[in-house]
Asker: 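This is the structure, below, for whatever I ask next.
Just the heavy atoms: all of them, side chains too, but no hydrogens, waters or symmetry mates, feed the values below.
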Amino acid sequence: MIVKLPTPAALKETAAELGLSLSDDDIQSFIGLMKGHIDAYNLVDALPDYVPEVKYPRTPGRQPDREENPHNAWYVKTKIAGAAEGLLKGKSVAIKDNVMVAGVPMMNGASILEGYVPEIDATLVTRLLDAGATIAGKSHCEYYCLTGNSHTGSKGPVHNPHRMGYSAGGSSSGSAVLVALGEVDMAIGGDQGGSIRMPAAYSGVVGLKPTFGLVPYTGVMPIEPTVDHVGPMARTVRDAALMLQVIAGPDGLDGRQALHQGVPKYSELLDEGARGLKIAVVTEGFGWPNSEPDVDRRVLEAADMFRTLGATVKEVSIPMHRIGISLWGPIAIDGLTHTMMWGDAFGASRNELYVTGLMDHQRRWRERADELSESTKLFTLIGTYVRSRHGLRYYGKAINLMRKLRAAYDAVLGEYDLLLMPTVPLKATKLPEANATREEYMRRAHEMLANCAPFDSTHHPSISVPCGFSDGLPVGLMLTGRHWDDATVLRAAHAFEQAGGFELGRAVNAGGRKKETI
């Protein structure tokens, strides 16, 4: 692939796009001035790329049939063995399909990317393998990871592990389901608006969004660089802590890690219990217009359990939390339009590893836009419309106001160790029918974001853990902590788990199967 010197007609067309009025003489002059610069582009094209080497052998794997994949959680099954020893020796891991695994197909839920095979391993994939984990395959995710439900991926909906036909949450839908079903020990999820925590809540597993920049995003398809997070999903808090301990730390390739502050041994800091912790129950996290009373009630029961564990638990008001989702909106929409869509997945002005093969595939959306999910169409329409009339001023102002919201959370976290609220205001909902209206499709896609999304922009560590069941479906409790204090978040979640908090509202019968307590 080379860059050709433009013809006069091509340059005149480009000038018109820029609003430049150029004469024929101007056109010829600029073509002459361009030659040396175009030569530089072609020199870059001729050189071999400079990307990390792949360390562990593997095969491309295979797409499982419906009989072995009834919940549609797998995209590709494979088996990549890691080091002979390590912290994760014997652990099987599913990798969300927006994360690159060299030689294994990746489509990020999007038909437009189908056929793309990454040439590198994401940093976190290499770290998992170095720690002795086995990569079991790629898990389905939502189309470009742009929805909190599990009905938008090009390969069909992902079903809740507790009730077929219901949402598993998104966008890390397959990862949550595979962990919940016990098909893997742990999984990688990604979180830009709650996409680790929301499926963790709907599916009844542990999901941690680490402090921004703690885990390198290198080799993961971005959405918007100020909200991109990647982190662990597991059945137990200890496994989540083990995974975080392995994948955290700077890699020198991800500009999001500029403020990184080191990696504690998280798995060794779990057992101090909840005694002495101060927990703020955030009033505004409850009672949303779509909140289900049983969800709020179950989370308040979880708060009471922390009291019995010796924590100080008090209700606190953070009024600005209620508009956090609105501040997040322009950041996410303008950001993804600028970076993921028009910027071919990466955008410019970023000091990080660029994966040009992914960029080449992502460009194809311009010729195949009708294939985009309804969420992607909506966000790209909004972002392009606003940018063409107002530029990025609203993105910039929302970033500024997010600092004010961050300060509001930090003011409470100056007195308390943790913020407590429901992860999502409702339990898993029925998946939309294939003939659902666009309005229904979109309502189901984004109705659960309000508590989760703000913390992607304020960058606090935030975990969802199960706090029992209601009507046979999981309820998620969210704990949010101070920046870089992921250890306290995990410690509190572990204490709650060990005290039986995951089983609120559930009983175990003699056969080992669990049922709702009446």
Asker: Taking salt bridge (charged side-chain N to carboxylate O under 4.0 Å, His left out) as the test, write out the residues that go with Asp334, two or more places apart.
Answerer: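 Applying salt bridge (charged side-chain N to carboxylate O under 4.0 Å, His left out) to Asp334 gives none.
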Asker: The criterion is side-chain contact (heavy atoms from CB on, under 4.5 Å); which residues satisfy it with Pro422, sequence neighbours excluded?
Answerer: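 Pro422: side-chain contact (heavy atoms from CB on, under 4.5 Å) contacts with Phe286, Val295, Asp296, Val299, Asn451.
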Asker: Is there a donor in the side chain of Thr152 and an acceptor in the side chain of Thr147, or the other way round, less than 3.5 Å apart?
Answerer: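 Yes, side-chain donor-acceptor contact under 3.5 Å.
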Asker: Any donor-acceptor pair under 3.5 Å linking the side-chain atoms of His460 with those of Thr458?
Answerer: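 The criterion, which ignores hydrogens and geometry beyond distance, is satisfied for His460 and Thr458.
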Asker: Please say which of Thr384, Thr380, Thr337 ends up in a side-chain hydrogen bond (donor to acceptor under 3.5 Å, both in side chains) with Trp342.
Answerer: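 Answer to the side-chain hydrogen bond (donor to acceptor under 3.5 Å, both in side chains) test with Trp342 among Thr384, Thr380, Thr337: Thr384.
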Asker: Atom CD1 in Ile399, atom OH in Tyr394: separation rounded to 0.5 Å?
Answerer: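 Nearest 0.5 Å value for the CD1-OH distance: 16.0 Å.
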Asker: Is there a side-chain contact between Pro225 and Thr339 (heavy atoms, below 4.5 Å)?
Answerer: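 Side-chain contact under 4.5 Å: yes.
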Asker: With sequence neighbours excluded, what pairs up with Thr226 under the side chain to side chain donor-acceptor pair (under 3.5 Å) test?
Answerer: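 For Thr226, the residues satisfying side chain to side chain donor-acceptor pair (under 3.5 Å) (neighbours in sequence not counted) are Glu224.
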Asker: With sequence neighbours excluded, what pairs up with Arg482 under the side chain to side chain donor-acceptor pair (under 3.5 Å) test?
Answerer: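 Arg482: side chain to side chain donor-acceptor pair (under 3.5 Å) contacts with Asp417.
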Asker: Roughly how far, to the nearest 0.5 Å, is OG1 of Thr123 from CG of Asp130?
Answerer: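 Output value for this atom pair is 10.5 Å.
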Asker: Tell me, do Met221 and Met340 make a side-chain contact under 4.5 Å, heavy atoms counted?
Answerer: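 Of all side-chain heavy-atom pairs linking Met340 with Met221, at least one is under 4.5 Å.
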Asker: Hey, does the side chain of Thr211 reach the backbone of Trp484 with a donor-acceptor pair shorter than 3.5 angstrom?
Answerer: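 Yes, because the side chain of Thr211 sits within donor-acceptor range (under 3.5 Å) of the backbone of Trp484.
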Asker: Pairing donors with acceptors under 3.5 angstrom, does anything connect the side chains of Trp74 and Glu183?
Answerer: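 The answer is yes; a qualifying pair exists.
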Asker: Is there a donor-acceptor pair closer than 3.5 Å between any side-chain N or O of Thr236 and the backbone N or O of Asp239?
Answerer: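 At least one qualifying donor-acceptor pair exists.
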Asker: Does some side-chain heavy atom of Ser462 sit less than 4.5 Å from a side-chain heavy atom of Leu479?
Answerer: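 SC-SC contact between Leu479 and Ser462 ruled out.
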Asker: Rounded to the nearest 0.5 Å, what separation is found between the CG atom of Leu208 and the OH atom of Tyr266?
Answerer: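 Rounded to the nearest 0.5 Å, the CG-OH separation comes to 8.5 Å.
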Asker: Determine which pairs satisfy ring pair (Phe, Tyr, Trp, His ring centres under 6.0 Å) with at least one residue from residues 130-150, sequence neighbours left out, and list them in order.
Answerer: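 For residues 130-150: Tyr75-His140.
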Asker: Would you say Asn400 has more than 12 foreign heavy atoms packed within less than 6.0 Å of its CG?
Answerer: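 Enclosed: over 12 neighbouring heavy atoms sit under 6.0 Å from CG of Asn400.
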Asker: Side chains of Lys96 and Ser171 only: does a donor on one sit below 3.5 Å from an acceptor on the other?
Answerer: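 There is such a pair (donor and acceptor under 3.5 Å, judged by atom type) between the side chains of Lys96 and Ser171.
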Asker: What about Phe212 and His229, are their ring centers closer than 6.0 Å?
Answerer: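 Yes, ring centres under 6.0 Å apart.
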Asker: Without swapping roles, check the side chain of Asp185 against the backbone of Ala234 for a donor-acceptor pair under 3.5 Å.
Answerer: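 Pair absent, no side-chain N/O of Asp185 close to backbone of Ala234.
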Asker: Tell me whether His446 contacts the main-chain N or O of Leu146 through its side chain, where contact means a donor paired with an acceptor under 3.5 Å.
Answerer: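 Yes; judged by distance alone, with no hydrogens or angles, the pair exists.
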Asker: Who passes side-chain contact (heavy atoms from CB on, under 4.5 Å) against His361, sequence neighbours left out?
Answerer: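 For His361, the residues satisfying side-chain contact (heavy atoms from CB on, under 4.5 Å) (neighbours in sequence not counted) are Leu113, Tyr116, Arg364.
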Asker: Do Thr376 and Ser373 have side-chain atoms, one donor and one acceptor, less than 3.5 Å apart?
Answerer: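 Note: Thr376 and Ser373 side chains meet the donor-acceptor criterion.
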Asker: Test your reading of the model: is there a side-chain donor-acceptor pair from Gln192 to the backbone of Val227, 3.5 Å cut-off?
Answerer: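 No; judged by distance alone, with no hydrogens or angles, the pair does not exist.
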Asker: Is the shortest side-chain heavy-atom distance between Ile95 and Leu128 below 4.5 Å?
Answerer: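 Yes. Closest side-chain heavy atoms under 4.5 Å.
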Asker: Can you give me the closest heavy-atom contact between Gly249 and Gln257, atom names plus distance?
Answerer: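 Between these two residues, the closest heavy atoms are O-NE2, 3.1 Å.
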Asker: By salt bridge (charged side-chain N to carboxylate O under 4.0 Å, His left out), which residues pair with Arg350, not counting sequence neighbours?
Answerer: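 Listed in chain order: Glu352.
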Asker: Looking at residues at least two apart in the chain, or sitting in another chain, which of them share a side-chain contact (heavy atoms from CB on, under 4.5 Å) with Leu378?
Answerer: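 In terms of side-chain contact (heavy atoms from CB on, under 4.5 Å), with neighbours along the sequence ignored, Leu378 is linked to Ile382, Met442.
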Asker: Of all heavy-atom pairs between Val104 and Pro118, which one has the smallest distance, and what is that distance?
Answerer: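 Heavy-atom minimum between the residues: O-CD, 3.1 Å.
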Asker: Show the nearest heavy-atom pair for residues Asn72 and Gly156, with the distance to one decimal.
Answerer: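 Distance-wise, the nearest heavy atoms are ND2-O, 3.1 Å.
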Asker: Using modelled atom types only, decide if a donor and an acceptor are shared between the side chain of Asn160 and the backbone of Tyr202 within a distance under 3.5 Å.
Answerer: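 Yes.
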Asker: What residues, two or more places apart in sequence or in another chain, satisfy side-chain contact (heavy atoms from CB on, under 4.5 Å) together with Lys377?
Answerer: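 Listed in chain order: Leu372, Glu374.
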Asker: Going by the rule salt bridge (charged side-chain N to carboxylate O under 4.0 Å, His left out), which residues pair with Lys138 if we only count those two or more places apart in sequence or in a different chain?
Answerer: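 For Lys138 the salt bridge (charged side-chain N to carboxylate O under 4.0 Å, His left out) partners, ignoring immediate neighbours, are Asp97.
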Asker: With a 4.0 Å cut-off on N to O distance, would you call Lys155 and Glu114 a salt bridge?
Answerer: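 Yes, Lys155 and Glu114 are salt-bridged.
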Asker: Could you tell me whether the side chain of Trp365 and the main chain of Met341 form a donor-acceptor pair under 3.5 Å?
Answerer: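 At least one qualifying donor-acceptor pair exists.
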Asker: Shortest non-hydrogen contact from Gly189 to Val230?
Answerer: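 Minimum heavy-atom contact is O-CG2, 3.1 Å.
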Asker: Quick one: does any side-chain atom of Asp191 pair with a main-chain N or O of Lys209 as donor and acceptor, under 3.5 Å?
Answerer: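 Not a single qualifying donor-acceptor pair exists.
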Asker: Between Asp456 and Asp228 (side chain of the first, backbone of the second, donor and acceptor by atom type, cut-off under 3.5 Å), is there such a pair?
Answerer: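 Absent.
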Asker: Excluding sequence neighbours, so at least two apart, what forms salt bridge (charged side-chain N to carboxylate O under 4.0 Å, His left out) with Asp251?
Answerer: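 Scan of Asp251 (salt bridge (charged side-chain N to carboxylate O under 4.0 Å, His left out), adjacent residues dropped) gives none.
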Asker: So, Ser470 side chain and Asp294 main chain: donor-acceptor pair closer than 3.5 Å or not?
Answerer: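 Not a single qualifying donor-acceptor pair exists.
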Asker: Does the ring of Trp288 carry Arg322 above it, NZ/CZ under 6.0 angstrom from centre and within 45° of its axis?
Answerer: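 Yes, Arg322 lies over the aromatic ring of Trp288.
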Asker: Is Arg406 close enough and on-axis enough to Tyr409, meaning under 6.0 Å and within 45°, for cation-pi?
Answerer: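 Judged by the rule (NZ or CZ under 6.0 Å from the ring centre, within 45° of its axis), Arg406 is not positioned above Tyr409.
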Asker: From the options Ser173, Ser375, Ser154, select the one residue that forms a side-chain hydrogen bond (donor to acceptor under 3.5 Å, both in side chains) with Glu142.
Answerer: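 Result for side-chain hydrogen bond (donor to acceptor under 3.5 Å, both in side chains) with Glu142: Ser173.
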Asker: Above 12 or not: heavy atoms from other molecules or residues under 6.0 Å from NZ of Lys278?
Answerer: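 Yes, the 6.0 Å shell around NZ holds more than 12 heavy atoms from other groups.
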Asker: State which residues pass side chain to side chain donor-acceptor pair (under 3.5 Å) with Ser457; sequence neighbours excluded, sorted by chain then number.
Answerer: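 Checked Ser457 against side chain to side chain donor-acceptor pair (under 3.5 Å); zero matches.
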